[in-house]
Amino acid sequence: MSISTKTALAVAVLAGLSTCAFAQGAAPTPWELRQDMGYAYGKDGKTLSYKMGTNNAGTLLKGAKKVPRGTLFFIGENGQLYMRTGPYLEDDGRFKFGSN
């Protein structure tokens with residue numbers, strides 16, 4: 001798994017753990033990611049954040065992949081982090097998988 005994929009997964013976990021559940025019909029707040037930070041989803045399942053420098057940015061980008069637009073990250077009932085590409089919003093903008 002590339003570093004950027006791990007970073008994206010960690011960001012999803014951090015955002016999921018740090019935000020409240022959204023009420024039906026409420027618009028979600030976008031994530032606030034910073035360019036000088038790295039986010040990780042560790043082998044032990046913990047999330048971490050790191051202050052990054054620029055001296056080894058080239059090494060970090062080798063093998064890294066961009067996360068496709070339209071990607072949803074979520075934590076399953078088993079505590080495992082998942083990602084899904086594809087539609088996750090209804091035509092009217094509501095979340096397809098929200099509460100009834």
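- Closest non-hydrogen pair, Lys96 versus Pro87, comes out as NZ-CB, 3.7 Å.
- Remark: Thr71 engages Val67, Pro68, Phe73, Met83, Thr85 in a side chain to side chain contact (heavy atoms under 4.5 Å, CB included) (not counting sequence neighbours).
- In this structure, NZ on Lys66 lies 9.0 Å from CZ on Arg69, to the nearest 0.5 angstrom.
- Contact annotation: the side chain of Met37 approaches that of Lys51 to within less than 4.5 Å [non-hydrogen atoms, C-beta and beyond].
- What you find for Tyr50 and Ala40 is that their closest heavy atoms are CE1-CB, 3.8 Å.
- Put simply, Phe95 and Tyr82 are part of the same group of oily side chains (I, L, V, M, F, W, Y) that touch within less than 4.5 Å, one to the next.
- Pairing each heavy atom of Tyr39 with each of Ser49, the nearest pair is CD2-CB, 3.9 Å.
- For residues 73-93, the pairs satisfying salt bridge (charged side-chain N to carboxylate O under 4.0 Å, His left out) are Asp92-Arg94, with sequence neighbours left out.
- A distance of 5.0 Å separates CG of Leu81 from OH of Tyr41, quoted to the nearest 0.5 Å.
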